Protein chains: 2
Amino acid sequence: MTRRGQYAKGAAKRAEILDAALEVVAEHGCRKASNREIAARVGLTQAGLMHHFGTREELFIEVLRARDQRDLEQFYAPHRGFQGLLDVIAHNVTVPGLVRLYVEYSAEATIAGHPARAFFEERFAWVRGLLIEALQQEQIEERMGPELDLPFVADLVIAATDGLQVQWLLDPSIDMTARLARLWEGVRASSWPTILA
Amino acid sequence: MTRRGQYAKGAAKRAEILDAALEVVAEHGCRKASNREIAARVGLTQAGLMHHFGTREELFIEVLRARDQRDLEQFYAPHRGFQGLLDVIAHNVTVPGLVRLYVEYSAEATIAGHPARAFFEERFAWVRGLLIEALQQEQIEERMGPELDLPFVADLVIAATDGLQVQWLLDPSIDMTARLARLWEGVRASSWPTILA
DNA sequence: GTCTATAAAAGGATAGAC
DNA sequence: GTCTATCCTTTTATAGAC
């Protein structure tokens, strides 16, 4: 019971910190989001914060992991096909801090030896896999031709999604979901097969 | 003459610095590229570097400006159509530092009040304009249907290009040019008109 | 134009008390 | 689990000599 309570409290505090980190990132950007300010938002000192996350990098990675887990549960299911991705993007519009963290941190992490590089490599492969599954379902239900090169289409859609997020951060009036939906309609209805197959 | 020589020397040093900045960014990333190391590469102290560029941000923006200017002269011409973009991307593969700077710095600069935000906003509008011009040329020469929504296609191509660059930084074996060429063939040959028009 | 010297700040991380 | 206190590093930027 005491032990249980301690764990529960620790987990609650961690969750609180993850939310605070998002707030600060949304306001100042990932680069200028200091541990001190994140800590202050949850009534901790910087040292107190470091007790929960060994390093700053672990904190950011944990934020992104939690996001992926939530998105997976809330929006993804193989039978939903492409709609799953569209729902994720529609949801992203409501969490600009998360979009900013993803865009900024994924860019920074591409450098060799960066502590978050492996995370993004693995995440990319994982997302590609999910998207390919979703596209296969679209083929099975015959909303999409059977000849398309799925890995190519998946990577292209991911690239467009990532690029759109930067455009959206610069101009939030852009409707990311509508644009992706339009891209998807283009892929679906395409007579691309002879080219993309 | 003396004056001329001074200017020439100053300009040469500036150019040297821009190259050095790219080297350091390629190795450590934009975030970890310190003024000190850039200065050291050209045999200057950090203070000496600051004489040429008032701030770090001006230096980075200048690097990107010089790149755009060069790309414009070397690769872009309205009558070349989409090939201009393909050539730029093919060239990008040979300058990873530039790609890294662009990806990382454009992400960071999306934050409100960032000194480079205006630069990226303007650059984005400029690139979109060039691409639309190029696409119009493709239509004129009837390599592409007349019904397509050009601004939409342009933004989508830019998004895909930007997203591909992140993928490429994580995995340099990806052939960005081939993927964009394939996207372009898809757009071109598409029976998208009823959807995208 | 370049250097030396220094400011002045901010950052992440750790040790040890409670 | 959290705080206080502190360390140490690194960074950008400036002032003034040469």
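Note that this is a predicted model, so its numbers are computed, not measured. Proteins come first, then strands; the chains are lettered A, B, ... in the order of their sequence lines, and each starts at number 1.
- Spacing between atom NZ of K32(B) and atom C1' of dG11(C) amounts to 10 Å, rounded to whole angstrom units.
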Residue pair R41(B), D19(B): steps toward the salt bridge (charged side-chain N to carboxylate O under 4.0 Å, His left out) verdict:
CA-CA 10 Å; R41(B) 299 267 171 130; D19(B) 284 343; over 6 Å; no
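- Looking at the side chain of R36(A), the nearest of the listed nucleotides dG12(C), dT14(D), dA13(D) is dG12(C).
- One interatomic measurement links the two molecules: CZ of F53(B) to P of dG1(C), which rounds to 12 Å at whole-angstrom precision.
- Following rounding to the nearest Å, L49(A) (CG) and dT4(D) (P) show an atom-to-atom distance of 15 Å.
- Here dC3(C) is the nucleotide among dG12(C), dA13(D), dC3(C) with the atom lying nearest to any side-chain atom of T45(B).
- When rounded to the nearest whole Å, the span between CG of L59(B) and C1' of dT11(D) equals 15 Å.
- Rounded to an integer number of Å, the gap from NE2 of H52(A) to P of dA13(C) is 16 Å.
- Note on S34(B): only backbone sugar-phosphate atoms sit closer than 4.0 angstrom, heavy atoms only; bases stay farther off.
- E141(B) and Q137(B) are linked by a side-chain donor-acceptor pair at a separation below 3.5 angstrom, with hydrogens and angles left out of the test.
- Note on H51(B): every side-chain N or O is 4.0 Å or more away from OP1 and OP2 of dA13(D).
- Between the CD atom of Q46(B) and the P atom of dA5(C) there is a distance of 15 Å, rounded to whole Å.
- A side chain to side chain contact (heavy atoms under 4.5 Å, CB included) with R67(B) is found for one member of N92(B), V95(B), V99(B), L101(B) and no other, namely N92(B).
- The interatomic distance linking I17(A) (CD1) with dG1(D) (P) rounds to 11 Å, in whole Å.
- For R56(A) against dG11(C), no side-chain N or O and base N or O form a donor-acceptor pair under 3.5 Å.
- For the side chain to side chain contact (heavy atoms under 4.5 Å, CB included) criterion with E108(B), the lone passing option out of E108(A), E104(A), K32(A) is E104(A).
- Residue A47(A) places its side chain closer to dC3(D) than to any other of dG12(C), dA13(D), dC3(D).
- Ring to ring, Y105(B) and H114(B) are close: their centroids are under 6.0 angstrom apart.
- Across the protein-nucleic acid pair, L44(A) atom CG and dG1(D) atom C1' stand 9 Å apart, rounded to whole Å.
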